[in-house]
Number of protein chains: 2
Amino acid sequence: MKNATATSLPSRDAPVSDATLRVFVGYHMKRAFNVIQADLSRTLAPFDLRMLTYTALVLIVDNPGLRQSQLAAAMDMERPNLVVLLDELEARALITRDRVPTDRRAYALRATLAGTQLCKQAVSAVTSHEERLLDGIDKDARAALIATLRRIETGHAKEESA
Amino acid sequence: MKNATATSLPSRDAPVSDATLRVFVGYHMKRAFNVIQADLSRTLAPFDLRMLTYTALVLIVDNPGLRQSQLAAAMDMERPNLVVLLDELEARALITRDRVPTDRRAYALRATLAGTQLCKQAVSAVTSHEERLLDGIDKDARAALIATLRRIETGHAKEESA
DNA sequence: AGATTTAGTTATATCTCATAACTGTTATGT
DNA sequence: ACATAACAGTTATGAGATATAACTAAATCT
């Protein structure tokens with residue numbers, strides 16, 4: 001920990017020191033993610049999608065017929081919170097909730113044609129936006145970044161990578 | 001984009017494919033950050049701190065006398081949202097809001113002794129928890145991770161690093 | 001058949017984060 | 001100097017994300 005001045009009165013534009021927090025990987029991740037998330041929001045806005053509706057849509061397109069519980073688990077969120085999300089996508093006719101004949105409690109989620117098309121456009125927009133955002137970070141650095149993030153995600157950091 | 005089965009009916013436990021999203025660095029960051037953030041919350045709970053109150057407290061300890069606007073800018077949040085945060089810290093007597101004599105509009109934020117002590121304990125707890133979470137990720141990988149995150153944060157991926 | 005579990009839903013509460021509008025104070029500009 | 005603008009902090013408000021409890025209906029288990 002350090003302080004900015006001996007008098008304890010940083011002038012109005014003295015840079016605020018975050019040296020203590022810079023020690024943490026989590027702090028860097030939060031800050032970097034903020035940038036990515038802001039960019040993502042801007043990118044998705046024209047499609048009237050947010051990060052979560054986008055994620056749900058992509059997963060439904062890629063996994064036709066999956067059920068809400070599966071999607072909630074995949075998105076790491078509680079089932080109740082998914083309901084409103086899907087209500088929104090369904091109301092916009094981007095997905096359908098079809099009853100599963102073999103289990104009448106469940107719904108099989110499927111993207112409509114419009115949903116599939118919007119998804120394709122959104123994915124393409126997000127791809128090019130991220131490409132632009134990461135321009136200058138070479139393939140090796142990206143691969144290393146993803147590999148490390150994945151080890152953190154999987155709880156994992158403990159074992160050596162594959 | 002891929003689908004799980006030809007019949008479009010993934011069985012209840014078929015793994016949900018997120019292959020399309022795995023292409024994105026942002027997706028990996030969100031997932032990894034969720035893990036870190038969950039760990040952080042658990043770590044801070046005994047101190048009755050959340051990520052934001054913790055961050056604010058550390059910054060105040062490290063930058064005694066800074067003003068709310070500066071802190072809001074440093075934390076990348078809007079001034080109104082900071083008010084409640086500081087109300088909480090002040091109510092718990094962890095910080096004080098002292099009027100700045102030279103500018104009676106502003107408050108100089110300072111940590112109390114209790115605040116400084118709590119901060120020290122919390123930082124130490126977070127340090128060891130993150131250390132445990134990242135156990136197995138060697139120094140080089142960590143340095144590379146932080147360097148890349150920083151380049152993303154600074155908008156800066158375009159230039160070569162120092 | 002009766003009890004338990006599961007899928008989805010409703011209701012509710014908290015936290016995060018953004019904007020607009022207000023008070024009081026300082027800085028500007030003519 | 002005085003009117004106007006800019007600024008610090010606050011209040012009020014709303015959207016979005018996330019968690020829990022409790023409910024309905026359907027499947028499963030004994």
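By convention in this document, chain letters (A, B, ...) are assigned in the order of the sequence lines, proteins followed by strands, and residues within each chain are numbered from 1.
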Atom CZ of B:Arg105 and atom C1' of D:dA6 are separated, to the nearest Å, by 8 Å
In whole angstroms, the gap separating C1' of C:dC15 from CG of B:Asp48 amounts to 15 Å
Determine yes or no for a side-chain-to-main-chain donor-acceptor pair under 3.5 angstrom, with A:Arg99 supplying the side chain and A:Arg104 the backbone.
yes
When rounded to whole Å, the CZ to P distance for the pair B:Arg104 and C:dA27 reads 12 Å
Practice item. State whether A:Gln68 places a side-chain N or O below 4.0 Å from either non-bridging phosphate oxygen (OP1 or OP2) of C:dT9. Key: yes
- Would B:Tyr27 and B:Arg31 satisfy side-chain hydrogen bond (donor to acceptor under 3.5 Å, both in side chains), going step by step from the backbone distance to the final call? CA-CA 6 Å; B:Tyr27 184 68; B:Arg31 298 208 138 240; 3.1 Å; yes
Verify the contact: side-chain N or O of A:Arg50 to OP1 or OP2 of D:dA17, cut-off strictly under 4.0 Å; return yes or no.
yes
Here the distance between atom C1' of D:dA17 and atom CD of B:Gln37, to the nearest Å, is 12 Å
Whole-Å distance, A:Leu85 CG to C:dG8 P, equals 14 Å
Note: contacts of residues 86-98 of chain B with DNA chain D (heavy atom, under 4.0 Å) are B:Arg97
Check your understanding: Cluster question for you: counting only ILVMFWY and a side-chain heavy-atom cut-off of under 4.5 Å, with indirect links fine, are B:Leu57 and B:Tyr107 together?
Key -> no
Atom CG of B:Leu44 and atom C1' of C:dC15 are separated, to the nearest Å, by 15 Å
Here the residues of residues 74-84 of chain B within 4.0 Å heavy-atom distance, strictly under, of DNA chain D are B:Arg79, B:Pro80, B:Val83
Assign each of A:Asp103 and A:Thr53 the nucleotide of DNA chain D bearing its closest heavy atom; nearer the 5' end lies the nucleotide of A:Thr53
Notebook entry, point to check: Counting just side-chain N and O atoms, does B:Ser69 come under 4.0 Å of either OP1 or OP2 of D:dC7?
Noted result: no
Whether B:Glu131 and B:Arg142 form a salt bridge (side-chain N of Lys/Arg under 4.0 Å from carboxylate O of Asp/Glu) is what I want to check.
yes
- Can B:Glu153 and A:Lys30 be counted as an ion pair, charged N to O under 4.0 angstrom? no
Rounded to whole Å, the NZ-P distance (A:Lys30 to D:dA17) equals 14 Å
Requested in this report: Given side-chain contact (heavy atoms from CB on, under 4.5 Å), test B:Glu90 with B:Leu86 step by step and report yes or no.
Outcome: CA-CA 6 Å; B:Glu90 191 184 28; B:Leu86 297 180; 5.8 Å; no
* Asked: Is a side-chain N or O of B:Thr112 found less than 3.5 angstrom from the main chain of B:Leu94, in a donor-acceptor match?
  -> yes
Problem set entry | Residues B:Arg42 and B:Asp39 bridged, charged N to O under 4.0 Å | yes
message: Please check: side-chain N/O of A:Asp18 versus main-chain N/O of A:Leu21, any donor-acceptor pairing under 3.5 Å?
response: no
In whole angstroms, the gap separating P of D:dT24 from OH of A:Tyr107 amounts to 16 Å
